[in-house]
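Since the structure comes first, as structure tokens, the remarks are kept for the end.
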Amino acid sequence: MVHRREILKGAIAAPLVASAASAAQIEERPVTFKPAEFDKKKQFELPGWAFRHELQIPRVARPTAVMTFKEWYESKDAHVFGPGDPVRPGDSFHGIAGEFMSTPSHWSKYGCKPSVYLDPLASWEDKQRNFGTFRSEILNRNIRNWGEFPIKFFKIPIRETFKELHPDAKHETRLYSYAGMVPGPTLKMRLGQPVVVRFSNELDTETSVHLHGGHSPSHSDGFPTFYILQGKSRDYFYPNILPLQCNSKLDSTTNKELVTYEPDIREAQSTMWYHDHGMDATAFNVSKGLAGVAPCFGERELELIRDGVLPGLGNASCLDPDQYSLSKDPCLEDPEYPGFYAHGKEPYHNPYDIPLVLQDKVIDLPTGQIAYSNKGHNGYLGDTFFVNGVAWPYRCVENRKYRFRLLDGSNARVFRLRILSEADFLRLSENGIDEPGEAPDSPEAIAKRPDKYEALAKPFLRIGKDSWLWSKAVEKRSVVLAMANRADVVVDFNALVGGIDLEPGEERVFYLVNTMPQTDGRGPKEKLDDGGDPRVLPLPFDAVGPDGEVRGAESHKPIGLLKFIVRGPKPAVDASIKAGSKLIDHELIRDDEVSVVREFIFERGKGAWQINSRFYDPDIANATPTGDSVEEWVLRNGGGGWWHPIHIHLESHQLVRYEKDFAADAIELPRLANAPLPPFNGTNVTPFIDPTEVIGLHDTTVLGPNTVARIRMRFRTWRGPFVFHCHNLEHEDMRMMFNFEPVHDGKLPSDRDPNVVPDARTHGRDVTWQGIDGKLNRYGELDVEHPPVPSVPVEQSGVLMIPNRPVPPKTNP
Amino acid sequence: MTRMIMQFFSSLLAAEKTPPPRLRVCDGFANVRVVDQFGRSFRFRDDFVDGRALIINSMYTTCRGACPTTGATLKKLRSELSKVFGKKLTLLSFTLEPEVDTASVLHEYASRLDANKRSDDLCDWHFLTGTPVAIKELRYSLNFYDLNPKVDGDITQHDATLLFGNSTSDRWASLPAGVRHENLSSTIRRVAGFTTEQRFGLAAEGV
Ligand SMILES: [Cu+2]
């Protein structure tokens, strides 16, 4: 074991004196040792070994068991988490979701028997009967929903691992990992196939796992204080069901209102990811490696792949060798990586569908370690760029179409992604995009950059955002990706090489680059050498105004992220997708469906982050929407130049209006603590945003400086607390987070102002099922730190500190 | 069938060579010379960080804004948490106005918070001053700063936050001192605690 002092010795010139030194000796100690810090110039400097390491595709985890609920429940010795783990699902320290073993009372509206005391097996089969399979009129086919495929069980330890991250570093890097991998193993999900993952925490920190963009029960949603404590496990239940949508219509014969529930097919997820969500520690844990991707395959998506619309191997990319039971085929696993599929053997195998997890880090070369700092609580930014855990990788690709699922998995970095030819990339890396005579960072030069980049950048198709496919494919030349956002894109390399066959030995090279100028955690800004002024970009979307005015700023030099080397002849048949190809219809939530409007203001106060002038309090519900209702939330950036990507758990949301106060951007003065909120003179910029993006679904909507987003969402299926928060992870850890708790039984008193008054949390203990074995006879979350059902009266939680802000008027777009 | 992920990784570890060095977040804390309210001199990182749980805040004696409340909060935390941590916990309040806040000024200020003499029942609470250069370096290394120079230069706008953690697990978190007290106190226990008992007040059984 290398002692820290020895490390210091390597890093500094002067010798060190051991501890217990006298005052005189202390004087001689060097005080200058500092871990590496973010270097804004280094962002643009590529090391000599850049693009020499191959891009890794994270391995796909193999289940430890695949069996029906009945099979595991009736077997006393089914070790579903592997032969070495006799603990049954639900008997782990933190239990399993209540909905796995019982039926919450409000599910009587779906036709289920309310059955807290009902036999778990009877309860499971009752749910399967009521919303297992249904007919989708939109897709004109049967859709499998609750439990229509056997349950897949996984076991994933969360533990420290060592990996070479940087060739110039003297040592391997200590990382936090899911199952020893960074990014974590890919979890491939299938709509209608329940998944139970036993995450066991071997770290010396509490963790909590959030399946981002999923529709999961509260127990398994990564609520920050629903921990996995050190040395303990939690059985996360991902039912992979669609939200149950309430439809009411008038029955013409009886003249009575008929209420039916039908799973909402539009909500079928494509690109989810999972990451740590532990209270106060998320930023550090994620920067150390706790993130992975979790693609989900629903009927519509499989149809698009099978029919050759989306890139893939057709029907061969729609198969799962372990779908109904664990296959005995010994070739499925790589003997060197037991527990993972051998490459090419994984479910829904598709060499033309590649996840790209983008992250930036600071690496301290003498120690080889990730140098983490929250940077004044603004956000951790790195100068070393990683794709799937490899710094500046390359990837050889065939001369055809590929689907890339891009994820911004960084703490505070906003990307503008473009694809450049090799010649353009090398030229711009050397000379930059400004003219030789132009003053660096002059307003004139900055203004010309976006059009110049747009002219050089290669086109591709964007097919989705966050977890969901768009209604149609749209041609783009750039993607703005804020933290936690995903962009689903299709790149036609054959079109990029000019439609030709490449001869043996011949290759063409393209680079995925980032042109977003950013030098601190507040967000992008135009001038890289500008110290204090949080100069801001016009819009945090990939938007273009009528005269190009609204388009965002870009950096003088591009930051290279990933090199593509294209080889080979063009394919006989390629994916048929083109601009305008229909994917999955989306429908805007109507004005008359909205029952409640709430306003949330995201701001900085007292050196920390607040929403509506409050710090996050895990013990209260800041909003209690009525189950199945539609609410409109007004998300306002409270100023100061920061970007806040707002992520709302549980469901997707729709963007109905985006406003920007352009004049406020020109005001340099910071807003001081306790100063009144300035008036907001917003211009509606929604028309400048691609309508396909607006009508598509989102789970994270980024608030640029001086903006207001109006979003609408539904609150379906699950009870219990969920969070929404800023996904700048340092802001989230510094309490820029709120709880909401859908209330399915009963309605709010009509005199309650939903905009300002928090509520007591009512669910917590009852969202967890825990087995009874004499010792672990708790039914719920631990009674430590934050009781599962807090006893704090709302009055004591600081109702009075909420400023009395008027409910914003409803706008008519 | 060998599908024992955990066993696989344990076997990997057993065959492993020397593990890589650690780089702790607290290795970035500036190792500057500081003087406390009793006139004793310390190196910040060498003398306060290793093996201890810390609660750190910034203050200045003439503050009429956040400091009086934060001071009262810290006094309460000191008496509560000393029972949990004993002498393993140290409170460090460093001044933002080192020119004014000399050791003797800090001593007088500390006396108002019962921190002017040693106590067997209470953990140590140092009020720290130093040269302006040293204090600024310390302040930046502990992330008590604002990127906007106008806010950063305005002492009345200083952070009312507490930085806490321990160097053994190297877990550090910051919270506004204005968070509801029960929340603040339980969070400090969880993040800065060395043992399950200190963190959660229980010895948790089960897997
Ligand atoms: Cu934020």
Side-chain angles (χ1 to χ4, degrees), chain A residues 1-2 4 7 26 29 31 33-35 62 64 82-84 87 92-93 155 157 159 162 171-174 179-180 204-205 229 232-233 280-281 338-339 364 367-369 371-378 520 522 531-532 606-608 615 617 670 672-673 733-735 775-776 784-785 797-798, chain B residues 1-9 12 16 18-25 27-28 30-33 41 43 46 50 66 143-151 154 157-161 169 171-176 178-180 182-183 186-187 189-191 196 200-202 204-207:
Chain A
M1 173 111 181
V2 180
R4 189 173 68 89
I7 304 155
I26 289 172
R29 278 190 207 174
V31 295
F33 169 75
K34 272 189 192 145
R62 191 161 185 225
T64 42
V87 179
S92 63
F93 191 80
K155 178 159 180 172
R159 62 177 307 158
F162 312 140
H171 301 271
E172 289 188 314
T173 307
R174 285 172 181 268
D204 191 16
T205 178
L229 294 185
K232 311 295 181 194
S233 298
D280 308 307
D364 181 64
T367 61
Q369 305 310 305
Y372 178 77
S373 160
N374 67 36
K375 291 310 222 178
H377 314 132
N378 287 289
D520 61 52
R522 285 175 295 193
K606 298 174 183 169
F615 301 116
D617 184 339
L672 302 179
D733 279 345
M734 281 292 274
R735 305 260 154 164
K775 269 187 209 156
L776 293 171
V784 292
E785 193 188 18
S797 68
Chain B
M1 286 297 246
T2 45
R3 216 169 294 102
M4 291 166 277
I5 300 173
M6 284 178 63
Q7 288 182 8
F8 165 66
F9 282 98
L12 251 195
E16 246 260 336
T18 327
R22 290 179 193 283
L23 178 71
R24 303 175 305 179
V25 169
D27 291 329
N31 198 20
V32 292
R33 172 161 298 289
S41 175
R43 285 271 185 233
D46 290 343
D50 275 348
N143 290 302
F144 286 85
Y145 67 89
D146 197 289
L147 279 172
N148 191 309
K150 290 193 176 94
V151 178
D154 181 351
Q157 291 290 320
H158 78 97
D159 285 8
T161 54
S169 65
R171 301 188 52 213
W172 300 92
S174 298
L175 274 189
V179 161
R180 189 157 55 79
E182 293 74 10
N183 249 327
S186 62
T187 305
R189 284 185 66 162
R190 173 170 51 79
V191 174
T196 313
F200 301 109
L202 60 86
E205 288 173 36
V207 291

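Not measured: the values here are computed from a predicted model. So you know, we letter chains A, B, ... as the sequences are listed, proteins then strands, and number each from 1.
Here A:Lys232 contributes atom NZ and B:Thr196 contributes atom OG1; the two are 7.0 Å apart, rounded to the nearest 0.5 Å. One finds the CG atom of B:Asn183 at 4.5 Å from the CG atom of A:Asp617 (value rounded to the nearest 0.5 Å).
Of all heavy-atom pairs spanning A:Thr367 and B:Pro21, the tightest one is O-CG, 3.5 Å. In terms of heavy atoms, B:Arg171 sits closest to A:Ala281 at NH2-CB, 4.1 Å. Scanning both residues, B:Pro176 and A:Ala608, for their nearest heavy atoms gives CG-CB, 3.5 Å. The two residues A:His377 and B:Asn143 have their closest heavy-atom pair at CE1-O, 3.6 Å.
Note: B:Leu175 leads B:Val179, B:Leu175, B:Asp146 in heavy-atom pairs under 4.5 Å with chain A.
Interface residue A:Asp204: backbone and side-chain heavy atoms are both found under 4.5 Å from chain B.
Side-chain contact between A:Leu229 and B:Phe200: present, with at least one pair of heavy atoms (C-beta onward) separated by less than 4.5 Å. Annotation: side chain of B:Tyr145 is in contact with side chain of A:Lys375 (closest heavy-atom distance under 4.5 Å).
Side-chain atoms of A:Arg174 come within 3.5 Å of backbone atoms of B:Pro20 as a donor-acceptor pair (strictly under, hydrogens ignored).
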